[in-house]
Amino acid sequence: MHSFHYRNGTLHCEEVNLETLADQHGTPLYVYSSATVRDHYRRLSGSLHSLDHLVCYAVKANSNLAILNLLVREGAGFDIVSAGELFRVLQAGGKAEQCTFAGVGKTKAEIAYALEAGVHSFNVESESELAAISEVARAHGKVAPFAIRVNPDVAAGGHKYISTGKSENKFGIGIERVADVYAKAAKLGGVRPVGVQMHIGSQITEAGPFAMAVERMLPLAEKLKTGHDIEFLSIGGGIGIAYQSSLASGENEWWHRRDTPAPTLTLEGYAAAVAPLLRGLGLRILLEPGRLIVGNAGVLLTRVLYRKVTPAKRFVIVDAGMNDLIRPALYSGYHEIVPVREPARDARRETADVVGPVCESGDFFAQGRELPLTNAGDVVALMSAGAYGFAMASNYNSRPMPAEILVDGQRAAVVRERQSLADLIRGESIPAW
Ligand SMILES: *Cc1c(COP(=O)(O)O)cnc(C)c1O
């Protein structure tokens, strides 16, 4: 579900007119729907009601304080991958005890910070990391709760850069070696096993790989439950979302095209595939969804600057660039592009590349896409930009980062100001010599 729809000819987010927001706050502009975030969180948590579970939102997908605070109020936990993300969760009103700390390259300073804050657990990705955690914990007179991230050797994920659960990926410890590592940990001191974890990839649009990975984990989890007293199994994140035809319903179906196959996984389908496998296990189940919670909850509004027609191609040049939304350049990510003014039924169409102003050929949002004809000054929405959108934005080409708006019903609040030119050089200096 999401809360973006045409009303009286203009695209709205919940009750708020997106053209008005673009006029008031300028473009490029990220806009998020609170209702969609809440709906996805509640539906996922609700679909697993038969299990003792905790949804730990993967902060890296969208780490704006207002989004985190919204999830704090829903009772979510958080999956963090850096000290910075833990700081954000705490600033948003979240509790460290609800945070699982993931990532292959935690520094000792990050480990110490997380330990002092009292995180729920460290998800350990290598034996040397476990040794480092043990060392830091002993120096601080603490015992660090940990879970080992298991690499179950299952192929999944929408793109080679977001597949993490194969044995050749840098993530996790091979399933055949895990029991050994738990045994060694018992001798280290300063660490206490509390769980076991896996995460196989991102934008996975079928239930099969999730079920297969859970099935591989079950015998291991059973063994660790008796041998090491573990309390939880985290089954990671990675649930894919629909990037296509997000507005296609009834009236405006006609101009939506399915450029890529639509995913088949629903949230209910995911729960139906994994919950029965986990029900008898007797462990608490943790989940780490990022994209599923926020992906469809955000759009990036951008204004058409110019049109350019060459003998080979037509280009629509917009004011957002790959620095604002890098998914198409990085992962061939697909974003539906829709005009904020609803096109007439008989509107002219064109096949064009939608490109940004950044000096890179990879700076495009769509190539050879059939779209309703747009003119300079028109605002278009890049749909489903709530996950890995702003979170991956940069200042490349010295472009100030866009503002972010959170909508709730009729209300809209600026939850991050647009950067100014002065922001671009903050912290820089010219040496006196
Ligand atoms: C990125 C990541 C997630 C979230 O992935 P989504 O595809 O956004 O659900 C969860 N767990 C770990 C360990 C991750 O690295």
Side-chain angles (χ1 to χ4, degrees), residues 37 40-41 43-45 48 53-64 67-68 71 76-82 84-86 89 98-106 114 119-126 129 146-152 154 156-166 169-173 195-207 209-210 213-214 217 232-243 263 265 267 270-271 274 285-298 326-327 330-331 333 384-392:
V37 173
H40 287 177
Y41 174 81
R43 273 174 48 220
L44 177 63
S45 189
L48 299 164
H53 72 276
L54 178 66
V55 175
C56 295
Y57 166 67
V59 172
K60 72 177 193 271
N62 184 327
S63 56
N64 185 285
I67 297 283
L68 299 179
L71 289 161
F78 296 91
D79 188 58
I80 56 167
V81 293
S82 67
E85 288 190 352
L86 176 55
V89 170
Q98 302 259 87
C99 290
T100 52
F101 192 179
V104 292
K106 303 171 190 79
V119 292
H120 176 276
S121 53
F122 291 85
N123 288 341
V124 173
E125 305 227 15
S126 64
E129 182 196 334
F146 78 93
I148 287 178
R149 175 170 178 176
V150 176
N151 187 325
V154 170
H159 185 274
K160 66 177 192 295
Y161 290 174
I162 53 178
S163 161
T164 60
K166 280 294 284 169
N169 297 126
K170 70 178 176 185
F171 299 102
I173 295 179
V196 60
Q197 193 262 356
M198 68 169 206
H199 170 75
I200 55 174
S202 197
Q203 187 53 14
I204 300 167
T205 53
E206 49 192 7
F210 290 110
V214 166
M217 293 290 284
F232 72 85
L233 163 62
S234 170
I235 58 172
I239 307 160
I241 62 167
Y243 279 101
L265 184 65
L267 206 156
Y270 170 79
V274 298
I285 302 303
L286 268 49
L287 294 99
E288 304 162 358
R291 190 189 310 272
L292 172 79
I293 305 289
V294 291
N296 291 137
I326 202 173
R327 291 191 65 261
L330 190 60
Y331 316 122
S384 302
Y388 308 106
F390 188 93
M392 290 180 129

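First listed ligand is number 1; within each ligand, the first listed atom is number 1.
Cys99 approaches Val89 most closely through the heavy-atom pair SG-CG1, 3.7 Å.
By the 4.5 Å heavy-atom criterion applied to side chains, Ile235 and Ile285 are counted as neighbours.
Considering backbone and side-chain N/O of Pro289, none are found under 3.5 Å from N/O of ligand 1. For a threshold of 3.5 Å applied to N or O pairs, the pair formed by Tyr388 and ligand 1 contains at least one separation below that value. Looking at ligand 1, you'll find an N or O of Lys60 within less than 3.5 Å of one of its N or O atoms.
Classification of the Tyr270-Phe210 ring pair by plane angle, with boundaries at 30° and 60°, yields perpendicular.
Counting heavy atoms under 4.0 Å from ligand 1, residue Val81 does not touch it at all. With a heavy-atom cut-off of 4.0 Å, Phe171 does not touch ligand 1 at all. Residue contacts with ligand 1, taken as heavy atom pairs separated by less than 4.0 Å, involve Arg291 via backbone and side-chain atoms alike.
Not a single salt bridge (charged side-chain N to carboxylate O under 4.0 Å, His left out) links Glu85 to another residue, sequence neighbours left out. With sequence neighbours excluded, no residue satisfies ring pair (Phe, Tyr, Trp, His ring centres under 6.0 Å) with Tyr57.
Here is the list of ligand 1 atoms found below 4.0 Å of a heavy atom in Glu288: 3 (C), 4 (C), 9 (O), 10 (C), 11 (N), 12 (C), 13 (C). Close approach of ligand 1 to Arg149 is summarised as follows: ligand atoms under 4.0 Å from at least one heavy atom of the residue are 13 (C). Close approach of ligand 1 to Gly290 is summarised as follows: ligand atoms under 4.0 Å from at least one heavy atom of the residue are 4 (C), 6 (P), 8 (O), 9 (O). For ligand 1, the atoms sitting less than 4.0 Å from at least one non-hydrogen atom of Gly237 are 9 (O), 10 (C), numbered in the order shown with element in parentheses. Below 4.0 Å from some heavy atom of Ala58 lie the following atoms of ligand 1, by number and element: 3 (C), 4 (C).
Distances shorter than 4.0 angstrom do not occur between any heavy atom of Leu292 and any atom of ligand 1.
For the residues Gly238, Gly240, Ala387, the heavy atom positioned nearest atom 6 (P) of ligand 1 is part of Gly238.
A ring-centre distance under 6.0 Å is not found for His120 and Phe101.
A cation-pi contact, defined as under 6.0 Å to the ring centre and within 45° of the axis, links Arg327 to Tyr243.
The backbone N or O of Asn123 sits less than 3.5 Å from a side-chain atom of Lys106, completing a donor-acceptor pair. When atom types are taken as modelled, the side chain of Asp79 and the backbone of Cys56 share no donor-acceptor pair closer than 3.5 angstrom.
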